[in-house]
Number of protein chains: 2
Amino acid sequence: MNIKISEQEELLFLLKTLSNQLGPKFERSTNLSLSRFELLYQLIQYSEISQSNLQKIVNIDHAAITRHLKQLESDGLVSRRRNPADNRETIVQLTEEGYKQIMSCQKDKLSFANQMFQQFSDVELQSLMVMLKRIQENIK
Amino acid sequence: MNIKISEQEELLFLLKTLSNQLGPKFERSTNLSLSRFELLYQLIQYSEISQSNLQKIVNIDHAAITRHLKQLESDGLVSRRRNPADNRETIVQLTEEGYKQIMSCQKDKLSFANQMFQQFSDVELQSLMVMLKRIQENIK
DNA sequence: GCTCAATGATTGATAGCTCAAATAATCAAT
DNA sequence: ATTGATTATTTGAGCTATCAATCATTGAGC
């Protein structure tokens, strides 16, 4: 029992530590923070999307979304406008420049990910993903 | 190839998101942030330890360690003193109060961890741990 | 039409983290 | 003994994240 608990505890710490180390390293590799990368990346798929829908996809707090997008807008990477059909919503879209930027990061991101998951088999990646998603469900 | 990359990407995002969600939830359950919990928890094992050694164990930036310990000291949970044998070092130790506090969190932490790893077998926990450690190595 | 609840976005407060630079003490080698 | 490199801690700057509160808009029910 005691051993099992320690293991859980260690995993808890490890998850946090790993993520703390991951962020800065990713940013140094790609010149884009992980969150901003994710936002831009999602905007490639959905050519237009409201902030609140974007928020549901990336699972970051509303407030953080607003701040990121405002900054990305002033950097010229996305455009934002009110939805005429529902003035509460803000619709976000990649600009030409934003598209170029995210595309030019792809190579760096790829090599970062390759290093990160060096010697992981597809089966392992899959199983890791499933476990992390289970944890996410468990703490909801 | 393309599929595999997406999977890596998703894992990257998932790790960050999970950790972002984990911290606040842990804190709400235990009234102690995950980092501070970890610091106090380590101090149970090593009755006395220098800040730099503690830093190596918990893998948080020096600066953050200093700030946490200063706050914990002013909360009366740890005591700090210079090492007479080497005046560069600060030696940290749990106080009576700190010991009581960390012990009273144990139950909450345990139930949090149990919920988080609900329906995980020992084998799964083990494999998860190994994979996360491998990632940590890979990005060093 | 009007009120009231809901939804979406924003802002303010607070806290965590990293990195880089500064300070202070120790130690090694001349 | 002095200089110079190393080690430990601290402080400052800059991000990102959460939570709570606020504001505007929409929509449902009377």
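Remember, it's a predicted structure, so these values are computed and weren't measured experimentally.
- Taking atom CG on B:L32 and atom P on C:dA15, their separation rounds to 14 Å, with Å as the unit.
- One interatomic measurement links the two molecules: CZ of B:R82 to P of D:dT9, which rounds to 7 Å at whole-angstrom precision.
- Comparing B:R36 and B:A63 by the nucleotide of DNA chain C whose heavy atom lies nearest to each, the residue mapping closer to the 5' end is B:R36.
- The side chain of B:S52 sits closest to D:dA8 out of D:dA8, C:dA9, D:dT18.
- Nearest-nucleotide mapping onto DNA chain D: of A:A85 and A:R67, the residue sitting toward the 5' end is A:R67.
- Of the candidate nucleotides C:dT10, C:dT18, D:dT18, D:dT18 has the atom lying nearest to any side-chain atom of B:N20.
- Residue contacts for A:T66: at a heavy-atom cut-off of 4.0 Å it reaches a base atom on one of the strands shown.
- In this structure, of D:dT16, C:dT18, D:dT10, it is D:dT16 that holds the atom nearest to the side chain of A:H68.
- Two residues are said to be in side-chain contact when any heavy atoms from C-beta on lie closer than 4.5 Å; B:E73 and B:V92 fail this criterion.
- Within 6.0 Å of the CD atom in B:Q119, the count of heavy atoms belonging to other residues, nucleotides or ligands does not exceed 12.
- With C:dT10, D:dA17, D:dT7 as the candidates, the nucleotide lying closest to the side chain of B:R88 is D:dT7.
- No donor-acceptor distance shorter than 3.5 angstrom exists from the side chain of A:Q93 to the backbone of A:I49, with no hydrogens or angles considered.
- Side-chain polar atoms of A:K133 and A:Q136 form no donor-acceptor pair below 3.5 angstrom.
- Across all strands, B:I65 comes closer than 4.0 Å to no nucleic acid atom at all (heavy-atom distances).
- With D:dT18, C:dA9, D:dT10 as the candidates, the nucleotide lying closest to the side chain of A:Q51 is C:dA9.
- One interatomic measurement links the two molecules: CG of A:N83 to P of D:dT26, which rounds to 9 Å at whole-angstrom precision.
- Between the P atom of D:dT10 and the CG atom of B:L54 lies a distance of 12 Å, rounded to the nearest Å.
- As rounded to whole Å, 18 Å separates atom C1' of D:dT16 from atom NZ of A:K25.
- B:L12 places none of its side-chain heavy atoms less than 4.5 Å from the side chain of A:F37.
- Nearest nucleotide to the side chain of A:R80, out of C:dC17, C:dT10, D:dT9: C:dT10.
- Between A:D86 and B:N59, the residue whose closest nucleotide on DNA chain C is further toward the 5' end is A:D86.
- Following rounding to the nearest Å, A:Q55 (CD) and D:dA17 (P) show an atom-to-atom distance of 12 Å.
- Inter-residue side-chain proximity for B:L22 and A:K16 is flagged as unmet; no heavy-atom pair is nearer than 4.5 Å.
- Mapping B:K70 and B:K56 onto DNA chain D by nearest heavy atom places B:K56 closer to the 5' end of the strand.
- In this structure, B:N87 reaches the sugar-phosphate backbone alone: every heavy-atom distance under 4.0 Å involves primed, P, OP1 or OP2 atoms, never a base.
- The distance between atom CD of A:E27 and atom P of D:dC15, rounded to the nearest whole Å, is 9 Å.
- Separating the CG atom of A:L69 from the P atom of C:dG8 is a distance of 15 Å, rounded to the nearest angstrom.
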